[in-house]
Structure formats: structure tokens, C-alpha cells
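Below is one structure; the comments refer to it alone.
Any value given below was found using the heavy atoms of this structure, including those in side chains, with hydrogens, waters and symmetry copies removed. Residue numbers begin at 1 in each chain, while the letters A, B, ... track the order of the sequences.
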Amino acid sequence: MQRSIILPVATRFLMPLMLVFSIFLLLRGHNEVGGGFVGGLVAASALMLYAISTSPSALWRLLPLDPRFIAAIGLLISLFSGFISMFYEKPFMTNMWIEAPLPVLGKIGTPTLFDLGVYILVVGVVVWILLEFAEDE
Amino acid sequence: MLFLMAIAAGVLFAAGIFMILRRSMVKVLVGILLLGYAANLLLFNAAPLIRGAPPLIDPVIGVPTVYADPVPQALILTAIVISFGVTAFAVVLIRRAYAVTGTGDLDNMHCTDIPCESEEILSDLEDEIL
Amino acid sequence: MTALSITILTGFLIAILAPFLTRLMKHRAAFVLALYPLAVVIQLLALQPDTLTAPSIQFPWVPSMGLWMTFTLDGLGFLIAMLIAGIGTLVILYGGEYLRDDPYLERFFLWVIIFMASMLGVVTSGNALVLFVFWELTSISSFFLIGYKFEYESARAAAWQALLVTGAGGLAMLAGFVLLGQITGSFEINQWMQNSNLVQESALAPAAFILILLGAMTKSAQFPFHFWLPNAMEAPTPVSAYLHSATMVKAGVYLLARLFPVLGGLALWNQVVPWVGLLTLVGGALLALGQTDLKKLLAYTTVSSLGGMVFLLGLGTPLAVKSAMLFLLTHALYKGTLFLVAGGVDHSAGSRDIRKLGKLAKLMPFTALAAGLAALSMAGIPPLIGFISKEYVYESTYYYSNLPFILTGLAVLANVANVAVAGWVGIRPFWQQPEQKDEDLHPHKESLWLWIPPLVLAITGLFMGVFSQGTAQTWVAAATSAVLQEMSKVKLSLWHGITPMLLLSVLTLMIGVVVYLASRTLIPRLAAFWNKLSSVGPNIFYSRSMRAFLSVAGWQTKILQSGYLRYYIITILVTTVTLAVVTLATRYDSLPNPQWTQPRFYDVIFIVIIIVSAILVTRAESRLATITLLGAIGFSIAILFLLYSAPDLAMVQFAVETLTVVLFVLVIYQLPKYTKSNYPIHANVLHIIVSAAGGIMMVVLMLLTSAVPSNSTLAPYFMESSLPLAKGHNVVNVILVDFRGLDTLGEITVLMIAAIGVFALLGLKKGSKRGGNG
């Protein structure tokens, strides 16, 4: 099959943009439309776009970690964010916030961490599943 | 509008049910997807349909007077993402089943690993208990 | 008491560790494991209750439902617990030797100790529900122990039979407990006793009594449920000695004795219990006389003795209760001994057929001694405790107000059988010439740990007889006091002077000896007679009903479990639709009027796209077209979400739709091609009707729900508290990550599991290929 040159070139610009956009979605999720789920899905789409325009193995090389680990880390982060409040003798998953807002990130608290975990897990799971399919051809 | 939404969901339900009654595994999967859409619409219809008032709190005004119910939205959001995982899993199951049995027809698959004659199993059980 | 109940419960832990210990120490693990019952014995002796006040302790179970784990120890519980722990110690030591080279020895230890702890739990429970749990645990451990030699079909069948019979009885008993709980408002047995007048006035009491009696009858092998006990002799002999003679089968007797203060006042008690017991007493004795197998002989006399205990409790006079308690103690001592002796004989001589055994005393002097002592006790010959016990039984019947002569006569008859069987089992194999020569039998010498336990038991019986005014008297008095709920004095002595009871004893002994000598003619005749009768016996009824049960199960499975997905779905749908229609028809005279709003132009477009695509999907014959149509539906729904104030949903739906299309594009050519559905027309019509009905039902339900004014307090709550409590402006996201964060955690776990599932089905086979990449 003859590959079009347009897609790989476009992807080279699109993918980083989409990834940045996904992080933007994640961060503003608590106050505006967005959140970990949709952010993760957008990031996964960006990565899959890359895989389709080049090859699944290229994506493998690009990823810092096996998507299995990415998904697992996401789940662990979400789980851990629930435990933080227990160190302060509050029930599991009570929200805790750092009082002073940080630059760029805004107000940070355990729900932010939880959402980050969701984001990472969704990226990991989606990329994992789709790569399994892509490689199985 | 409510009526139209209900009709749309009803048609999706009917189509979904019809598809999961088919013999082809792929069609059954399509039926499951349709039922997923229908269920999401059902949930969405459970709260009043309101235009242009997402459940966001305005930094200046605070809680708006009119807003869409956030609860069904939260329910549907995770349901959509999970349906992706479930779809992927179902597709793989179908693929494996197809690879193992060489058929996509459910009627050819209803006894693969146990002896099909239920009498045979029963007589074994009988020997055991009596 | 706290220490005792903790020790008892520790048994379950010890049981789990037992197999590991056995792997380490082989059969010598017995010496370590025997410390558990020994510890219980010591603690019991320290607590020894001799008054009516029983120590008790409560652990919270479900305090909000008023459920407490109550443990208590009164005279009755003490007596049986002593037997359980004392004989248990000996049985573990014996079993370690008996099953020395058996590959499954660890399972024996595991289940015997579980049984021991459960049985101790039964007799120390102060709460009926706790008692039930332990009761069922004894049934389960009995199942595994009977089926110990699981390679044999007969062992498996016997295990099943015992489990089904005692399990069914246990369920009946639970129902009875629930009824008593309803009457008295408590499951504490103590409360039941205090409210026994409530019970006696209640109309539910007879039902509760019958149900509980069923539990006791099945467990204690009362006619017509006696048949499982002789079959249970498939178990290894130490198990038979322990569970099926000395302890577990006494649980039914225990239950009746325990509830005697509660139910004993019912008229039904006196009308039913004695007859059940009497029938079992006599029937078991006569059945025993037709046997030639040592264990079967002992099993049927056990059935008979259990009948005797139930009979005495049924009479319910203070004297009868005393004899029942004494008999319970005595029987455990001599029957346990004889079973252990039978095991030793089987082990040494390789046979259990009394016609082939003989002259073993030279090879097995100590076993012979133990057997002789136990046989004398069983035959009721002084100075053994069996003699006192039998005298008491005669006294109970002789002075009973109703039909004393008939009852006494039948008791004598049963005891005659006991005398004969005692001789056949305890005397004949050791001292007489075998009736038939069997060249294949090569008896060898007895082993140390096969004769010490029975001898200890037998000597205990001797001591209790000779020094009857000591321990035995105290224990029996304490148990009797607990049953009668009043302080009772018991006086045990070997010599009462010349009384009618003594004459009856002599008579029993004389006839018994005659029967003993007549074995050659008697056994085959009785065996033939019972054989003829067995075609109408309860055993046949059991197998018939099991067969009927299985064929009904097979029939209904064939009807309900067709194995075709569509029939299941149609069944579910038709049921749901019917129920919904019935509810709607009965609850609503007219459909309520929903709030209509004018649809807008864009709404109509996307709704039409959804409807048309959904209909086309059902007609599509190519997989690619299907995916396109599904995409159209998904994107239209996303736009509807966007239009109706759900931007988060719209974004997620767009993203997922895109990824789903990618997924399908990746696999589409590996999925099976569409097969032309070749249903007959009528099936297709049925499917269309069913799906249309389902769709219409959903439409109606949706319209109904939206017609109900929404007064949900959830939405305002989340809207109001989102900012102050969770510091977030996007309420949907706040619900997901904060208010309902735990749900979301569950949901992302599901996603993870789905991915693992995909990986497991697809990925494993190429794990090696990927190698360094990951």
C-alpha cells in the first residue's frame, strides 16, 4: 500500500499539539469542561495517530514505558491519592488541598492527583489495547 | 424534544435487541454497542433536558439558577469510557472464538467443550450419588 | 471461659496448619496435634461446672442486628466436650498410627481437627445461629472424612448420602430455630429457656419442634434416617470411632437435651420423641444381629443406642434424663473402644468378618484386654460402668407411668442384642476358634499406638464403674441439672440390693449369652430377612428420590438451559415486558402527560440520523457499513449531548467514537464474515415483535419517568457544595474525582481489567517476540 506523505508530516505537528491539549484538558478539568477521562482519551488518540501514520513499533520506541506499566501506574496514583488523607487521620479519599495556588497548575489537591491517575490510566489502557490489536494483524 | 429523544432511544433499544438475537457473533456485538448507546440516552433522559446550561459554577455569579443535572452526566461519562474497554474485550473474545472454532455462527458453537448430551453428564452424576 | 472459647476456635487455624506439619513430620505430627484436644481437656477440667450457673462469654458478631457469638459451658456441654476432647486426643494418636503410610494422612488430620473444633463449638454455643454454623461444619467435615478413600465409589456415595441426609436435617433445624427466634425475639438459647412459657403457648411451637426434631433425627441417625450411619462405615476406622459413634452422632441427642427446657413441655414431645427413639432402639438392635462385619455390627448397635438416648430424653422424667446422660457417657467409652479395637484387628488380621477371625489374643494381648473390658461394659456386667447405666435404663422404663412392661421388655430385647454383639466383637475374635478358615489371613502383632488408645478408654470405663461415686457421678449430675434446669442429685452405685432391675439384668445376660452362642444359625437367617425387607427400606427410598431429583433436574435444565443465547434473551425480555405492562396497567389509568418542549431543527436532524442508522444497521450485510452506521449514531449522540448542556459527555463521546472506529479498522478483517441469517420466517417475525415490544416499553418508561416532576435533591446538593467542599467549578468532574471518587476508582479498575483481559487473550503468545522493547 502506498503511504501518503501528508499524514506523517501532519502528525509530526499534530501529535505534540494534541498531547499538550490533553494536558490542558486534564488541568482545567476541575473548573472548566475537561478532566482526566477526556484528557486521557485525547492523548491516546494522539499516540494512535502517530502509530497509524508511522507504525506501531515506532510508537513502542516512542513510549518511555510499556503501556501496561503506564496503566498500572495510573491506577496506583489514583489509589494512592485516596490514602493521603489517611495519613492525616481522615477517612479514605477525603479531599486535601495545598492552600497556596501553584503557578500554571493552579490549586493542587488530592482530587487533582486522582484525576492525573485517571488520565494516565486511560492513556495506558487505550494505547495498550489498540497496540495489542495493531500488532496482532 | 423529550418525545423525540425517547423515540430515538426506543429505536436503539429495539435495534439492539434485534441484533443480539442474530446468529452471527459480530452482529451480537453490534447489538451490545447499540444497547450501550440506548442505555446512555435513557440515563440522559432521566433528568430534564435543558439547553445551554451546563452544570458549571460561574466564578463570579456562583451557582446558576438553571442548570442541567450533573448526576446522570457523571454516570454516563464513565459508562462511555468503560464501554470502550468492554467493546475491545468483546472483539477479542469473538476473534479468539472464531480462530478456535472457525465459525462465527452461534448455532454451531453451543457445544464445544463438554459432551453435548446432557443425559450423559447426568448419568455420571447419578453414578456418583447413588 | 474466654480462654476456652479462644482455644476452641484456634482449632480451625491448627487444622489449616496440620497438613504442613504432616508434610514435615509425617505420622509423628499426631503427637503435636494431639496437644490441641489435650489443651481443651485441661481447660475444661479447670472450668468444670457443677452448678446451674454456666460461665459464658459474648463476642460481637453483628451487634446492629442483635447477633452475638455467645459461648457458654454448662454441665451438659461439659460432659460432651470432655468426650470430644478426651476421645479426640486418643483418636489423633491412634489415627497417626492407623494411617501411618497413607498418602492422604494430612487430610485426615485437617478434617478431624476441623471436626473437633466445630463439635466443641456446637456444644459450647449459647446462640442458636452459632450452633447451626458449627453443626453444618461437623456435617461437612464428616462428608470429607467418610469420603477419605475417595478412589472408591462406595466411599464417595456414602459421603454424599451422609451429607445430604444430615444437611437436609440441618436446614430443617435452622427453620425451626428461626421459628423459635420469631416466637421469643432472640436467638440466645438462654432467652429461649427463660421464655419457654411463650414457646409453649405459641401456635408455631409444634412446627418449630418438628423441624428441630428432624435435625436431631438425621444427625443422630434415628429411624427412618438411620441408614446413612452404617454406610458411613466406609470411613477409616478412627473416624468411625470418633465421629460416627462417640461424638458427632450424639449431636442430635445433645440438641434434644439442650432444648428440653424449651420444648420438653410440649405435649408433642412426649407423643413423638419416645416412639422415634424406641423404634430406633429396637430396630437398630435387630438389624445388628444380622451382621458379620465388625464395623457394621458396631454401627447398628450405635444406631440402637442413639435410639435409646432419644427414647430416654423423650420420656422426660428426671430419672430418664439421668439415665440418658449416664448412657451417653458410658456408650462413648465402650463403643469408642470397640471401634478402635475393630480397627486394630482389621489392621493386624486384615479382615473384619467375625466368622473368619479367631484366637487373636495371643498376638494382640492388650487389644484383647481393651476389647474384653469394653465388651463387658457394653453387655452391662459389673463392675463396669455399663452395668450401672443399664440398671438406670431399666429403672427409667420400669417406673414410667405409661406401658412400663412393654417399654421395659423392649429395652431388655435391645440389651440382649447388645450382649450378643459385645461378645461377637469383643470376645469371640480373640478367644474362640474362627468359624471359617481363611488361608489368606496372616495376622501380625499389634502396634503400640493401636492398643494404647482403646485400652485407655476401656480402663476409664472400668474406673468409672468401680469408683462410680467419683467423677462419673459429678459429671452426670451436672449434665442432668443443666437439662432439667434444676439441681439434681445423682447416686451411682454398683449394688442396690436385689431389685427388679437386677433380675432383669440377669435375664438379659442369660438370653444374650444364648443369642451369642447361636450366631451360626441366627446371623444368616436375620441377614436374609433384612435383605428381603431392604427393598422397601428407607435406603431404597433415598436412592429413588435421588434418582427422581436428578431426572427432574435434567428435565428442567433441558427446558431452561437451551444453550442458545437468543432463547435466554427472549425469556428475559418477555418477562420484563410482561411485568412492566402488568404494573403499568394496574397502577396507571391514563398515561401522565410529560412536559413537551418544541424540538429545534438541529435536534430533529440528529434524531433522524440516529433512527435511520439504527434501522439500517439491522439490515446491513457488510461489516464496514455497520461500523460507519455505528459511528454515525455515536457522533449524533455526542452532538445531542453538546446541545443539551453536557459538553464533558460530548467530548468523551467524540474521543471514544474515534478510538472505537480505529479499533474496528484494526480488526475488521479478522472478524468472521456476516453469515446470512437463515432463520425461518416465523423466528424472524418473533424476534421483530420481541424487539419492538422491548423498544416500546423503554419509550413508555422514559416518558413516564420524565413526567414525574424531578425533585431530586442530589443535583442541588452537588451544585451547592461543589465549590465549598471540593473547590471545583465543573460539577461533573467534581462528582467523578471527589464526591463519587470511590466509584470512579472502581470504574478505572474495570478498565484495567478489560485491558488485562485483552492482553491475556491476544498478547501472551507474542510476549517473547517483543523482548527488549517493553
Would you say that more than 12 heavy atoms from the other residues, nucleotides or ligands in this model lie under 6.0 Å from the [atom1] of [X], or not?
| X | atom1 | result |
| --- | --- | --- |
| C:F59 | CZ | yes |
| A:L17 | CG | yes |
| C:R740 | CZ | no |

Looking only at atom types and distance, does a side-chain atom of A:N31 sit under 3.5 Å from a main-chain N or O of C:N730, one as donor and one as acceptor?
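Absent.
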
Sub-3.5 Å donor-acceptor pair from the side chain of A:H30 to the main-chain atoms of C:A726, do we have one?
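Checking the backbone N and O of C:A726 against the side chain of A:H30, a donor-acceptor pair under 3.5 Å is found.
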
[X] versus [Y], closest heavy-atom pair with distance:
| X | Y | value |
| --- | --- | --- |
| A:S78 | C:L745 | CB-CD1, 3.9 Å |
| A:L41 | C:A655 | CB-CB, 3.5 Å |
| A:L75 | C:M752 | CD2-CG, 4.0 Å |
| A:N95 | C:L725 | ND2-O, 2.9 Å |
| C:L736 | A:F114 | O-CE2, 4.0 Å |
| A:V33 | C:M651 | CG1-SD, 3.4 Å |

If I measure from the heavy atoms of chain C, does [X] come under 4.5 Å with its side chain, its backbone, both, or neither?
| X | result |
| --- | --- |
| A:L121 | side chain |
| A:L63 | neither |
| A:V126 | side chain |

Is there a side chain to side chain contact (heavy atoms under 4.5 Å, CB included) between C:V758 and A:F133? Walk through the geometry before answering.
CA-CA 9 Å; C:V758 171; A:F133 279 104; 4.2 Å; yes

Looking only at heavy atoms and a cut-off of under 4.5 Å, which of C:E747, C:Q653, C:H729 has the most pairs with chain A?
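Of C:E747, C:Q653, C:H729, C:H729 has the most heavy-atom pairs under 4.5 Å with chain A.
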
What residue, out of C:V732, C:T749, C:T658, C:D738, has the most heavy-atom pairs lying under 4.5 Å from chain A?
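Of the options given, most contacts go to C:D738.
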
Part of C:S722 lying under 4.5 Å from any heavy atom of chain A:
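Contact with chain A is absent: no heavy atom of C:S722 under 4.5 Å.
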
Quick one: what part of C:L723 sits under 4.5 Å from any heavy atom of chain A, side chain, backbone, both or neither?
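No part of it gets close to chain A.
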
Can you list the residues of residues 609-620 of chain C that sit under 4.5 Å from chain A, counting heavy atoms only?
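Counting heavy atoms that sit under 4.5 Å from chain A, no residue of residues 609-620 of chain C is involved.
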
Residue from C:N733, C:I748, C:V656 passing side chain to side chain contact (heavy atoms under 4.5 Å, CB included) with A:F37
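Only match with A:F37 under side chain to side chain contact (heavy atoms under 4.5 Å, CB included): C:I748.
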
Working to the nearest 0.5 Å, report the span between CG of A:L25 and CG of C:D648.
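Interatomic distance, A:L25 CG to C:D648 CG, rounded to 0.5 Å: 9.5 Å.
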
Which one wins on heavy-atom pair count under 4.5 Å against chain C: A:T110, A:D115, A:L79, A:V122?
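Option with the greatest count: A:D115.
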
Is there a side chain to side chain contact (heavy atoms under 4.5 Å, CB included) between A:V42 and C:F654? Walk through the geometry before answering.
CA-CA 10 Å; A:V42 169; C:F654 275 124; over 6 Å; no

